[in-house]
2 protein chains.
Amino acid sequence: MKPHPAKQNIKVAVDNCIFTIIDNELYVLLIQMKKRPYQGMWALPGGLVNQPENLDKAALRILKDETNVTDVYLEQLYTFGKTKRDVFGRVISIAYFALIPSANQQLKTLAKYQSVQWWKYVDLPKLAYDHNDIVKYAKQRLEWKIEYTNVVWSLLPEKFTLNQLQKTYEAILGKEIDKRNFQKKIFALKLIQPLGQKAMYGAHRPAELYKFRSRKPKIVQIL
Amino acid sequence: MKPHPAKQNIKVAVDNCIFTIIDNELYVLLIQMKKRPYQGMWALPGGLVNQPENLDKAALRILKDETNVTDVYLEQLYTFGKTKRDVFGRVISIAYFALIPSANQQLKTLAKYQSVQWWKYVDLPKLAYDHNDIVKYAKQRLEWKIEYTNVVWSLLPEKFTLNQLQKTYEAILGKEIDKRNFQKKIFALKLIQPLGQKAMYGAHRPAELYKFRSRKPKIVQIL
DNA sequence: CCAAAAGTGTTAACGCTACACCCATGT
DNA sequence: ACATGGGTGTAGCGTTAACACTTTTGG
């Protein structure tokens, strides 16, 4: 707490674990590293916090640098601070967890990375640093969040069908849910609103489109 | 993430929010500061992380310096990192939240503090830095934790009565609970075990003493 | 015998789970 | 007409919440 001049030299970084849903499956955004010793390996997008910059701002800045997202749910996850987690010196990483709507945004690969890509959560490779731990932790937080809050809205587009909503839950929880029971719960919570429009996209009955009544974080019990 | 030589100079501190139960009420451990500009103000006990020291270790070290606790529940809470939260420069604080058994331990006042004392949660003064925010956040975490996990054990002595257990819940949640329903839930969870001993302490029927079957953290649904 | 806290069951309301058939559309 | 996903109701079960009197002890 006291900032007396000690010879502490710790770098402070932020790493983002960004989730989205593509084709009813859960994806995580990874970058491929250019520099040794992790050259070619995949990792979470991150960077050092600027000297005069709040942590949340740093996370947002880094997130915007990689995706062009504006409509994003962002929340601090956990701070990882093992002494030897980085080979170059002591770096603690404040991990953030972000949810973005079904990725229609264009990714841009920054010069500092070899590449940027969405990875299916179930097929993640071995990541640099302790990033596998971070992702695991973030996934757990995500599971809790969608069961006890209304954050799903941040994974869905403006308009969506009940089936899309349900598939999103199923993708994250990794289990099937009964259609009728699911709808009963969702309706009982009054979180969503029918639009009186139909989604027509296949050789079958069109589905009603819905939107969220509110996109503010709320605590609710969903499943 | 990358520890290239930037001119980042951020100090990393740990602050502990330590709870206990005294006379069926919730208390927080505070220290009184000696130095300006917060001289005389109360704050959470904390300190800078040592260069070669894991964050959890730092929290534990600081905790042991203030109380002589060994049997403690400790968990990382949140990282507070607003740019101007400390007047002397940029300091981010990784807040920890700790639960210790009904405080029979002796507090020691370190030379660096004016005094160390347990404060009733409901009567907290205005604290230094952003420590009121930290305590509020920790209290919230505590409420969730006792409802969804078995951490209460870390607030109770080895042997306790059902009433003590219930009073602990009531102190934290700030509401009364029905005795019969409470006992049903607790027994159904099979977390505790009668000792066949009675607590005799007043002009009334003696109460059965119990202990926890296990003192390992578990996820359970209690209330 | 009185005061104080311990101990103990039942009922009604509600919420959860399991489960199957018809509907609207495009081909 | 058929294939595909959309939309809808009920019954049984378990869980929760509300509620009051008797027991054991010390003074």
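Just so it is clear: chains get the letters A, B, ... in the order the sequence lines come, proteins before strands, and each one is counted from 1.
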Review point. Just by distance, with hydrogens left out, do B:K34 and B:Q39 show a side-chain donor and acceptor under 3.5 Å apart?
Key: no
**Study point:** Ring centers of B:F97, B:Y78 separated by less than 6.0 Å
**Key:** no
Exercise for review: Kindly say whether the aromatic ring centers of A:F19 and A:Y27 come within a distance under 6.0 Å.
Suggested key: no
Check your understanding: Do you know which two heavy atoms are closest between B:L155 and B:L142, and how far apart they sit?
Key -> CD1-CD1, 4.5 Å
Check your understanding: A:A43 and A:M33: which non-hydrogen atoms are nearest, and at how many Å?
Key -> CB-SD, 3.8 Å
Figure out the [atom1]/[atom2] separation between [X] and [N], and round it to whole Å.
X	N	atom1	atom2	result
A:L189	C:dG15	CG	C1'	13 Å
A:F182	C:dT17	CZ	P	13 Å
A:N181	C:dC19	CG	P	11 Å

Practice item. Check step by step if side chain to side chain donor-acceptor pair (under 3.5 Å) holds for B:N132 and B:K136. Key: CA-CA 6 Å; B:N132 283 294; B:K136 202 176 294 173; over 6 Å; no
**Study point:** A:K185 vs A:R180, nearer the 5' end of DNA chain C by closest nucleotide
**Key:** A:K185
Exercise for review: Report the residue (A:K179 or B:Q183) whose heavy-atom-nearest nucleotide on DNA chain C is the more 5′ of the two.
Suggested key: B:Q183
Review point. Hey, can you pull the residues of residues 203-213 of chain A with a non-hydrogen atom under 4.0 angstrom from DNA chain C?
Key: A:A203, A:H204, A:R205, A:P206
For [X], which contact category applies under a 4.0 Å heavy-atom criterion: base, sugar-phosphate, or nothing?
X	value
A:K184	base
B:D178	base
B:Y201	sugar-phosphate

Point to revise | First of B:I222 and B:M200 reached from the 5' end of DNA chain D, by closest nucleotide | key: B:I222
Donor-acceptor contacts, no H, no angles, side chain residues 181-190 of chain B, under 3.5 Å, sequence neighbours left out:
{"residue": "B:N181", "atom": "OD1", "partner": "B:K184", "partner atom": "NZ", "Å": "3.2"}

Review point. Between OG1 of B:T79 and CG of B:D15, what distance do you get to the nearest 0.5 Å?
Key: 10.5 Å
Check your understanding: Applying the side-chain contact (heavy atoms from CB on, under 4.5 Å) test to A:I92, which of B:V49, B:N54, B:I92 qualifies?
Key -> B:I92
Review point. Mind checking which nucleotides bracket the chain A contacts on DNA chain D, 5' to 3', with an atom under 4.0 Å from a heavy atom?
Key: D:dA3 to D:dT10
